[in-house]
Amino acid sequence: QVQLVESGGGSVQAGDSLRLSCAASGRTSSHLVIGWFRQAPGKEREFVAAVTWSGTWLHYSNSVKGRFTLSRDNAKNTVYLQMNNLKPEDTAVYYCAVDKVPVFSRSKSDYDYWGQGTQVTVSS
């Protein structure tokens, strides 16, 4: 089992920055994949970014590439999502998730454990 707790959400203006954190506990492993997803009202949950604990690979969605940066602190078992130049279309509940299978996936159905989510609201 892996437990995930997100934090760092909030309400900001367009162009501002936020840093989300995802603290993992339980059976974490360097082989696990940690992903960030988001879900806006009335929309499907969509992939944002993912990384392995070992950092061997890192992927971003096209919509956030160049604005968001994912990083890890293995000593703290925490993954961060630095979000810069936020836009109103980034408004969503952001979730971190773990995929036990060390194969990159953008599909939410491939992820096994989920956090409770943190709200990000960006106003224009």
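Hydrogens, waters and symmetry mates play no part in the numbers below; they use all other heavy atoms, side chains included.
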**Message:** Between Gln1 and Tyr113, is the side-chain contact (heavy atoms from CB on, under 4.5 Å) condition met? List the steps.
**Reply:** CA-CA 8 Å; Gln1 283 280 2; Tyr113 304 104; 3.2 Å; yes
**Met83 and its side chain to side chain contact (heavy atoms under 4.5 Å, CB included) partner, picked from Asp90, Leu20, Val64** = Leu20
**Asked** Just wondering, do Thr52 and Ile34 contact through their side chains at under 4.5 Å, heavy atoms?
**Response** no
**Item:** Heavy-atom side-chain proximity of Lys108 to Glu44 below 4.5 angstrom
**Value:** yes
**Message:** Minimum heavy-atom separation for Val103 and Val33, please, with both atom names.
**Reply:** N-CG2, 4.2 Å
**Asked** Roughly how far apart are Leu86 CG and Ser124 OG, rounded to 0.5 Å?
**Response** 13.0 Å
**Fill in**
All heavy atoms of Asn84 vs all of Ser17, minimum pair found to be OD1-OG, 2.9 Å
**Prompt:** Under the 3.5 angstrom rule, does the side chain of Thr78 hit a backbone N or O of Lys76 as a donor-acceptor pair?
**Reply:** yes
**Prompt:** Is any side-chain heavy atom of Tyr111 closer than 4.5 Å to a side-chain heavy atom of Lys100?
**Reply:** no
**Complete:** Value for CD (Glu6) from CG (Leu81), rounded to nearest 0.5 Å, stands at 11.0 Å
**Prompt:** Among the clusters formed by ILVMFWY side chains lying less than 4.5 Å apart, do Trp57 and Phe37 turn up in the same one?
**Reply:** yes
**Item:** Residue pair Phe68 / Leu70, side-chain heavy-atom distance below 4.5 Å
**Value:** no
**Message:** Nearest 0.5 angstrom please: Arg19 CZ to Ser71 OG, how far?
**Reply:** 7.0 Å
**Prompt:** Is there a chain of hydrophobic side chains (I, L, V, M, F, W, Y, each step under 4.5 Å between heavy atoms) that links Leu18 to Val5?
**Reply:** no
**Asked** Is the Tyr60 to Phe47 ring centre distance short of 6.0 Å?
**Response** no
**Message:** When you compare the side chains of Ser63 and Ser61, does any donor N or O come within less than 3.5 Å of an acceptor on the partner?
**Reply:** yes
**Message:** If you define the side chain from C-beta out and look only at heavy atoms, does anything of Leu32 sit under 4.5 Å from Val2?
**Reply:** yes
**Message:** Assess the residue pair Ser105 and Ser107 against the criterion (side-chain hydrogen bond (donor to acceptor under 3.5 Å, both in side chains)); give the C-alpha distance rounded to whole Å, side-chain angles, the decisive distance to 0.1 Å, and a yes or no.
**Reply:** CA-CA 5 Å; Ser105 174; Ser107 174; 4.6 Å; no
**Contact check, side chains of His59 and Phe104, non-hydrogen atoms, under 4.5 Å** = yes
**Request:** Over all heavy atoms of both residues, which pair between Ser123 and Pro88 is shortest? Give the atoms and the distance, please.
**Result:** C-CG, 4.5 Å
**Asked** Side-chain contact, heavy-atom cut-off 4.5 Å: Glu46 with Arg106?
**Response** no
**Pair Trp36 + Tyr94: ring centers closer than 6.0 Å** = no
**Message:** Please find the pair of heavy atoms, one from Ala24 and one from Leu4, that lie closest to each other, and give the distance.
**Reply:** CB-CD2, 3.7 Å
**Prompt:** Within a strict 4.5 Å, meaning less than it, do heavy atoms of the Asp112 and Asp99 side chains meet?
**Reply:** yes
**Message:** With a 6.0 Å cut-off (strictly less than), is the heavy-atom count around CD of Gln116, excluding the residue itself, greater than 12?
**Reply:** yes
**Asked** Step by step, would you call Arg38 with Thr91 a side-chain contact (heavy atoms from CB on, under 4.5 Å)?
**Response** CA-CA 9 Å; Arg38 66 186 182 185; Thr91 295; over 6 Å; no
**Request:** Output yes when a side-chain donor or acceptor of Arg67 lies under 3.5 Å from a complementary backbone atom of Asn85, and no otherwise.
**Result:** yes
